[in-house]
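Counting from 1, the numbers follow the sequence of the chain as shown.
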Amino acid sequence: MNSFSEYIVNNEIIKFGDFTLKSGRKSPYFFNFGSFHNGMRLWDLGEFYADYIYENKIEFDVIFGSAYKGIPIALATTFVLNKKYKMNIDYVF
């Protein structure tokens, strides 16, 4: 798999230009987490997080997914940690 940076550019999850965010702030880029809209993309995102956690030996007790978009990220990460690394991790939201 590509690096996370390559993945978000190639899949147009991050876009560069002139954007006005919900806050009203101007930004030269927009990172659209809503682009993780199907099983494959959500699995890929969970795999990026899980690989980073595993490869960097990050110690933690639970994965927290903040409302609302953080919940599927937490779930995807726990699924990949379990399937790929045999780690049975709790999650909360």
Side-chain angles (χ1 to χ4, degrees):
M1 186 179 305
N2 296 332
S3 73
F4 184 70
S5 299
E6 291 171 323
Y7 183 86
I8 63 174
V9 169
N10 293 341
N11 288 284
E12 298 182 356
I13 293 162
I14 191 168
K15 295 182 181 182
F16 299 96
D18 185 28
F19 300 94
T20 302
L21 306 179
K22 287 182 184 178
S23 66
R25 194 179 117 238
K26 295 282 190 179
S27 176
Y29 65 91
F30 180 66
F31 193 104
N32 185 4
F33 263 104
S35 294
F36 293 100
H37 52 71
N38 62 42
M40 179 67 77
R41 283 201 176 170
L42 196 53
W43 179 269
D44 291 344
L45 181 62
E47 192 166 29
F48 281 116
Y49 277 91
D51 289 349
Y52 187 87
I53 289 168
Y54 185 81
E55 290 165 8
N56 290 281
K57 298 176 178 53
I58 296 174
E59 295 182 28
F60 61 98
D61 298 319
V62 65
I63 293 182
F64 173 71
S66 60
Y68 287 95
K69 292 180 181 175
I71 296 169
I73 297 169
L75 291 170
T77 304
T78 60
F79 289 155
V80 175
L81 285 170
N82 184 268
K83 181 78 172 176
K84 191 171 181 178
Y85 298 110
K86 307 300 183 225
M87 298 170 65
N88 191 25
I89 304 299
D90 290 337
Y91 68 90
V92 297
F93 53 89

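- Put simply, Ile71 and Val92 are part of two different groups of oily side chains (I, L, V, M, F, W, Y) that touch within less than 4.5 Å, one to the next.
- The minimum heavy-atom distance between Gly46 and Val80, with the atom names listed, is C-CG2, 3.8 Å.
- Judged as a ring-ring contact (aromatic ring centres under 6.0 Å, His included), and not counting sequence neighbours, the contacts of Phe31 are Phe33.
- How far OG1 of Thr77 is from OH of Tyr91: 12.5 Å, rounded to the nearest 0.5 Å.
- Hydrophobic clustering, with ILVMFWY side chains joined whenever heavy atoms are under 4.5 angstrom apart, groups Ile13 together with Phe16.
- Listed by first and then second residue, the salt bridge (charged side-chain N to carboxylate O under 4.0 Å, His left out) pairs that reach into residues 55-73 come to none, sequence neighbours excluded.
- Listed by chain and residue number, Lys26 satisfy the side chain to side chain donor-acceptor pair (under 3.5 Å) test with Thr20 (two or more places apart in sequence, or in another chain).
- When the side-chain contact (heavy atoms from CB on, under 4.5 Å) test is applied to Asn82, the partners found at least two apart in sequence or on another chain are Asn88.
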Quiz prompt | CA sep, side-chain torsions, deciding dist, call: Ile89, Phe60, side-chain contact (heavy atoms from CB on, under 4.5 Å) | solution = CA-CA 9 Å; Ile89 304 299; Phe60 61 98; 3.4 Å; yes
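- Within the model, atoms CD1 of Ile73 and OG of Ser66 stand 7.5 Å from one another, a figure rounded to the nearest 0.5 Å.
- A ring pair (Phe, Tyr, Trp, His ring centres under 6.0 Å) check over residues 61-83, counting only residues at least two apart or in different chains, returns nothing.
- In this structure Tyr85 satisfies the ring-ring contact (aromatic ring centres under 6.0 Å, His included) test together with Tyr54, sequence neighbours excluded.
- Across all non-hydrogen atoms, the minimal contact from Asp90 to Thr78 is O-CG2, 4.4 Å.
- Screening residues 11-24 for salt bridge (charged side-chain N to carboxylate O under 4.0 Å, His left out), with sequence neighbours left out, gives no hits.
- Nearest heavy atom pair, residue Tyr7 against residue Asp44, reads OH-OD2, 2.8 Å.
- The shortest distance between side-chain heavy atoms of Tyr52 and Ile58 falls below 4.5 Å.
- Legend: residues meeting side chain to side chain donor-acceptor pair (under 3.5 Å) with Asn32, ordered by chain and number and at least two apart, are Ser35.
- Leu81 and Val62 fall into different hydrophobic clusters, where Ile, Leu, Val, Met, Phe, Trp and Tyr residues are linked whenever their side-chain heavy atoms come under 4.5 Å apart, directly or through other members.
- Taken to the nearest 0.5 Å, the CZ atom of Phe36 stands 7.5 Å off from the CD1 atom of Ile8.
- Annotation: Phe4, atom CZ; neighbour count of heavy atoms from other residues, nucleotides and ligands within 6.0 Å is above 12.
- Hydrophobic cluster membership of Met40, counting Ile, Leu, Val, Met, Phe, Trp and Tyr whose side-chain heavy atoms lie under 4.5 Å apart directly or via other members: none, as it forms a cluster of its own.
- Residue Phe19 belongs to a hydrophobic cluster whose other members are Leu21, Phe30, with links defined by side-chain heavy atoms closer than 4.5 Å.
- Take Lys84 and apply the salt bridge (Lys or Arg N to Asp or Glu O under 4.0 Å) test, not counting sequence neighbours, and it matches Glu47, Asp51.
- Contact of the Ile63 side chain with the Tyr49 side chain is not registered, since no non-hydrogen atoms from C-beta on lie closer than 4.5 Å.
- Not a single side chain to side chain donor-acceptor pair (under 3.5 Å) links Ser27 to another residue, sequence neighbours left out.
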